[in-house]
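Side-chain atoms are counted along with the backbone in the values below, which use heavy atoms only and exclude waters and symmetry mates. Quick note on labels: first sequence line is chain A, next is B, and so on, each numbered from 1. Model, not experiment: these values are computed from the prediction.
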Amino acid sequence: MSGDVCIVGIGIHRFGRTDGLSGVDQGVFAVREALADAGVEWPQVQFAYGSSDAAGNPDTMVDRLGLTGVQFINVRNGCAAGGSALFSAQMAIKSGEFDLGVAVGFDKHPRGAFNALPSEYNLPDWYGEVGQMVTTQFFAAKIMRYMSLFGISQKSLGMVAEKAFRNAVHAPHAWRRQPVSLEEILEAPLVSDPYTKYMFCSPAEGGVALILASEKKARELGKPLIRLKAATMRTRPPSSFEVFAPSVDVVADDSGPRGTASRIASADAYRLAGMGPGDIDVAQLQDTEAGAELMHMAENGFCADGEQEQWLAEGRTEIGGALPVNTDGGCLACGEPIGASGLRQVYENVVQLRGDGGGRQVPGAPKTAYSHVYGAPGVSAVTILER
Amino acid sequence: MKAIAEGLFTEETPPRLIGGKDRETGRIVFPCPSSETYEPVALGSEGTLWSYTVQRFRPKTPPYAGPEAFAPWVVAYVELPGQVIVEARLNNVAFDDVKVGMAVRFAPSPLNPELADSPYIPAYVPVSAPAAGGAA
């Protein structure tokens, strides 16, 4: 195939709670919206990749969309499921086999913390019996270590959450769209130290669909070209610290952060796109908890470890800053329907590149946009878009 | 003292944690996997706090099998020098006094302190604390 894979249509079912509508229904809603946005009909779609963690098999949506015999592959890959669906979809076009396809993700999780059982993670039963089968413990312990190494304060965690809710006011697809003051965030009950309840995202519901096309097809459709310059998905390196870890390797020099899947996926994405962090105009970084946004700024190469507080003080990650981060409020404000979450980031990036962000639009007509998801047990997916 | 699972603690008094040493690479993990490639090894009794958090809500049952009544506890990652970093509770310490780098010692504690025959779970206490385990 010559040229780039392009995103020619986007659709979203609002995140949060939608009683009476199944996860698949929300996925179908998003696909229909994306098809209309691209100006194509379902029978033209040659293939689909669908991601869902807890809301059923995505391919069942052909019942609703039309029994065209289309190739439809289901993807499960932890919190990177949506990113993995998108990665697979762009490969199908890059291979030259297809010109037009869909990446769709949706989910519908029960209220409360994710309910994981040890046997699903190759862990002994006692690990759950003693109360360690709790994802929030890992995220809190990861930032606690990082804070002790790099002098990040709890107030900075609060500032990340405050920005998320403030940005989400202007994002119609977000769940929590009321601003919350820094004081209220910091004084809220602790869930897992140092995080208060506003600093963790919640499992949620929602659906996102993207229509992908070869550059030739995109030109035929007459759409503005939003090019997918890189899409990478990677797994963890040795000695990384991951969720549900009864033990972690001792390393010779432990004065810095451990290697992560995110660092690998990020470096490869820059290489593929022929860009560096300084070339990026807007970024959506996995922020399932407030500290993740800060750590992921460094893991994705945007700042050095320990520079985050200065970035916050200078407002660099604000909508009008040097590198706006999580312009729709991210996972903190949108919640996390696992199958849809990574695709929401790309949706938001397309909105920003088209200049359709309304009250949350990044000024100066951004040309490049970056997205990053991380999931258990050490998977990460990155995309770089350019218009 | 009855451990919550077989093969977690050594039989000595006081007991030590049992890790698994990869027979080929020498890498130590915890707990010891039930695989021929891992050789059970007694882990060091003392280490330093690598990281931590406080579990502030009662985890879902199942799989949590602790008492109905809930009191927050410290979830610790303890570095055993030259061996491995293990996840366990940290008892006998005020939450505000927990600091990365503090010295801690292995001291298993009952999962349910109200029960006389409660199984014991992996836990540490500050080195400065008295020998007996138990919740903070």
Looking at [options], which has the largest count of heavy-atom pairs under 4.5 Å with chain B?
options                                    : result
Ala245(A), Pro194(A), Pro189(A), Ala252(A) : Ala245(A)
Ala140(A), Pro246(A), Ser148(A)            : Pro246(A)
Lys142(A), Met147(A), Arg258(A)            : Arg258(A)

Does [X] come within less than 4.0 Å of [Y], counting only side-chain N to carboxylate O?
X         : Y         : value
Glu39(B)  : Lys21(B)  : no
Arg76(A)  : Asp53(A)  : yes
Glu68(B)  : Arg58(B)  : yes
Glu293(A) : Lys163(A) : yes

Is [X] close to chain B through its backbone or its side chain, or both, or neither, when contacts mean heavy atoms under 4.5 Å?
X         : answer
Phe138(A) : neither
Phe241(A) : side chain
Asn122(A) : neither

Will you find, in the side chains of [X] and [Y], an N or O donor that is under 3.5 Å from an N or O acceptor?
X         : Y         : result
Glu129(A) : Tyr64(B)  : no
Asp305(A) : Tyr146(A) : yes
Ser262(A) : His372(A) : yes

Need one label for [X]: side chain, backbone, both or neither, based on atoms under 4.5 Å from any heavy atom in chain A.
X         : answer
Val75(B)  : side chain
Val100(B) : side chain
Trp73(B)  : side chain
Pro122(B) : side chain
Arg89(B)  : both
Tyr77(B)  : side chain

ask   = When only pairs under 4.5 Å are counted, which of Leu80(B), Val86(B), Ile4(B) shares the most heavy-atom pairs with chain A?
value = Ile4(B)
inquiry  = Quick check for you: among Leu8(B), Val98(B), Thr61(B), which has the greatest number of heavy-atom pairs under 4.5 Å with chain A?
reply    = Leu8(B)
Interatomic spacing from CD in Glu299(A) to CG in Leu285(A) - rounded to 0.5 Å = 10.0 Å
request  = Classify the ring geometry between Tyr374(A) and His296(A) as parallel (under 30°), tilted (30 to 60°) or perpendicular (over 60°).
outcome  = tilted
